[in-house]
Amino acid sequence: PEVTLVRHQVTLDAAHIDRYKALCGFSQAQGVPLIYPQMLTFALVMQYMNSADCPWPALGTVHLANLIEQTRSLQAADTVRVEMATGKLFAHEKGQVYTLELRIFRDDEPVWRATQSLLRLGVKQPRGEPYASQVGGSAPLSCQAQFNAAANIGRRYGVVSGDRNPIHLSALSARLFGFRRAIAHGMWSKARALACVLPQQTLDRVRVAVDFKTPLFLPAQPTLWTARSNCAALFEVRDSQGQKPHLRGQLDY
């Protein structure tokens, strides 16, 4: 069924933004990160995924991809309206992809939107058109940086984001769900990469699409690989050896 959920009069908290930026590596010069508004949608996403309207349980659902488009930068103390609506279904070789459309409005003007693509594994007869990645382009990538993904980064990100999925918290809790160690949140990995790839300034119009490839087991020393052109970049977060991709993204601004 089609569902729309709304949070009215949400104020961006400066202290929370600063904690998020420090955790993900953003500088003060970059302003409110374009990925930060995803934090404001999390309560609505979880409300939907834990409701009778969602056909599939949250556990066992994989965050497959994330697309964000911003048309106006946000500021601390802005008051916004946050919306979540169910989107299209897509058929995938591993199951059913369903999408959630996320929106941020300031003074009734749409300033930010995202599409969260979720894969429910094992659905035998998935509906919709074949799923296609939103990440395009091809170019040789070079290693730009290496960063630390500490063993406790899942717990720390969980406190800031509200996403306390057991697979991110500890090796013990992750093993209960089939993972040998805790894994990093995909949205933390995306944010950590963007902190390096985005310019050191506040931007209005930005688009970034990411495909999540393989789990990033904690602790780790992942590497960031990029190919840049005018106001655009392809990027990947890979393992410490630069071989296995954890995510692949495309940035345009």
Side-chain angles (χ1 to χ4, degrees), residues 2-51 53-54 58 63 65-88 98-118 134 156-165 185-195 197-210 249-253:
E2 294 183 1
V3 176
T4 299
L5 301 173
V6 183
R7 295 178 67 198
H8 298 279
Q9 300 291 306
V10 177
T11 300
L12 276 67
D13 181 78
H16 187 257
I17 294 168
D18 285 345
R19 290 198 301 273
Y20 176 83
K21 291 170 72 171
L23 187 64
C24 300
F26 290 100
S27 70
Q28 289 302 316
Q30 290 171 306
V32 177
L34 84 152
I35 192 172
Y36 175 80
Q38 188 100 16
M39 303 291 99
L40 308 180
T41 70
F42 182 72
L44 296 180
V45 171
M46 293 311 299
Q47 180 182 338
Y48 169 70
M49 293 183 73
N50 289 293
S51 73
D53 290 320
C54 184
H63 195 174
N66 179 265
L67 168 67
I68 293 174
E69 295 176 283
Q70 177 179 281
T71 54
R72 292 284 188 274
S73 61
L74 291 165
Q75 309 293 327
D78 280 350
T79 298
V80 298
R81 184 173 82 251
V82 183
E83 296 184 358
M84 187 227 77
T86 48
K88 292 182 179 180
Y98 66 101
T99 58
L100 301 179
E101 299 296 334
L102 314 172
R103 301 286 186 271
I104 304 287
F105 296 83
R106 181 175 55 197
D107 298 327
D108 291 326
E109 177 191 7
V111 295
W112 184 95
R113 64 179 295 272
T115 300
Q116 189 164 323
S117 299
L118 301 154
Q134 295 296 304
R156 292 166 59 201
Y157 186 81
V159 170
V160 172
S161 68
D163 185 354
R164 295 181 173 87
N165 188 322
H185 294 75
M187 292 302 288
W188 176 82
S189 299
K190 179 178 180 178
R192 189 66 187 86
L194 286 175
V197 177
L198 284 166
Q200 294 296 307
Q201 65 189 71
T202 300
L203 300 173
D204 278 327
R205 293 190 172 274
V206 195
R207 179 188 186 275
V208 59
V210 158
Q250 180 181 4
L251 171 70
D252 297 281
Y253 59 92

Taking side chain as C-beta onward, heavy atoms only, is [X] less than 4.5 Å from [Y]?
{"X": "Leu34", "Y": "Leu194", "result": "yes"}
{"X": "Gln116", "Y": "Met187", "result": "no"}
{"X": "Thr41", "Y": "Trp112", "result": "yes"}
{"X": "Asn66", "Y": "Gln38", "result": "yes"}
{"X": "Cys54", "Y": "Tyr98", "result": "yes"}
{"X": "Val159", "Y": "Arg164", "result": "yes"}
{"X": "Arg81", "Y": "Gln9", "result": "no"}

How close do [X] and [Y] get, heavy atom to heavy atom, and via which atoms?
{"X": "Gln70", "Y": "Leu203", "value": "NE2-O, 2.9 Å"}
{"X": "Met84", "Y": "Val45", "value": "SD-CA, 3.9 Å"}
{"X": "Ile35", "Y": "Tyr20", "value": "CG2-OH, 3.0 Å"}
{"X": "Arg103", "Y": "Ala114", "value": "NH1-O, 3.7 Å"}
{"X": "Leu23", "Y": "Tyr157", "value": "CD2-CA, 3.4 Å"}
{"X": "Ala85", "Y": "Thr4", "value": "CB-OG1, 3.7 Å"}

No-hydrogen, no-angle side-chain donor-acceptor test under 3.5 Å, Thr11 and Thr79: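 Yes, a side-chain donor-acceptor pair sits under 3.5 Å.
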Sidechain-backbone polar pair: [X] side chain, [Y] backbone, donor-acceptor under 3.5 Å:
{"X": "Asp163", "Y": "Asn165", "result": "yes"}
{"X": "Lys21", "Y": "Gly31", "result": "yes"}
{"X": "Arg106", "Y": "Ser73", "result": "yes"}
{"X": "His8", "Y": "Val10", "result": "no"}

Roughly how far, to the nearest 0.5 Å, is the [atom2] atom of [Y] from the [atom1] atom of [X]?
{"X": "Glu101", "Y": "Arg113", "atom1": "CD", "atom2": "CZ", "answer": "5.5 Å"}
{"X": "Leu102", "Y": "Glu69", "atom1": "CG", "atom2": "CD", "answer": "12.0 Å"}
{"X": "Leu40", "Y": "Ile104", "atom1": "CG", "atom2": "CD1", "answer": "5.0 Å"}
{"X": "Leu12", "Y": "Tyr36", "atom1": "CG", "atom2": "OH", "answer": "5.5 Å"}
{"X": "Leu100", "Y": "Thr115", "atom1": "CG", "atom2": "OG1", "answer": "9.0 Å"}
{"X": "Ser161", "Y": "Arg19", "atom1": "OG", "atom2": "CZ", "answer": "11.5 Å"}

Show the numbers, then the answer: is there a side-chain contact (heavy atoms from CB on, under 4.5 Å) between Arg72 and Arg205? CA-CA 6 Å; Arg72 292 284 188 274; Arg205 293 190 172 274; 4.0 Å; yes
Is atom CD of Gln201 surrounded by more than 12 heavy atoms (other residues, nucleotides or ligands) closer than 6.0 Å?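 Result for CD/Gln201: enclosed.
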Would Gln28 and Asp18 satisfy side-chain contact (heavy atoms from CB on, under 4.5 Å), going step by step from the backbone distance to the final call? CA-CA 8 Å; Gln28 289 302 316; Asp18 285 345; 3.6 Å; yes
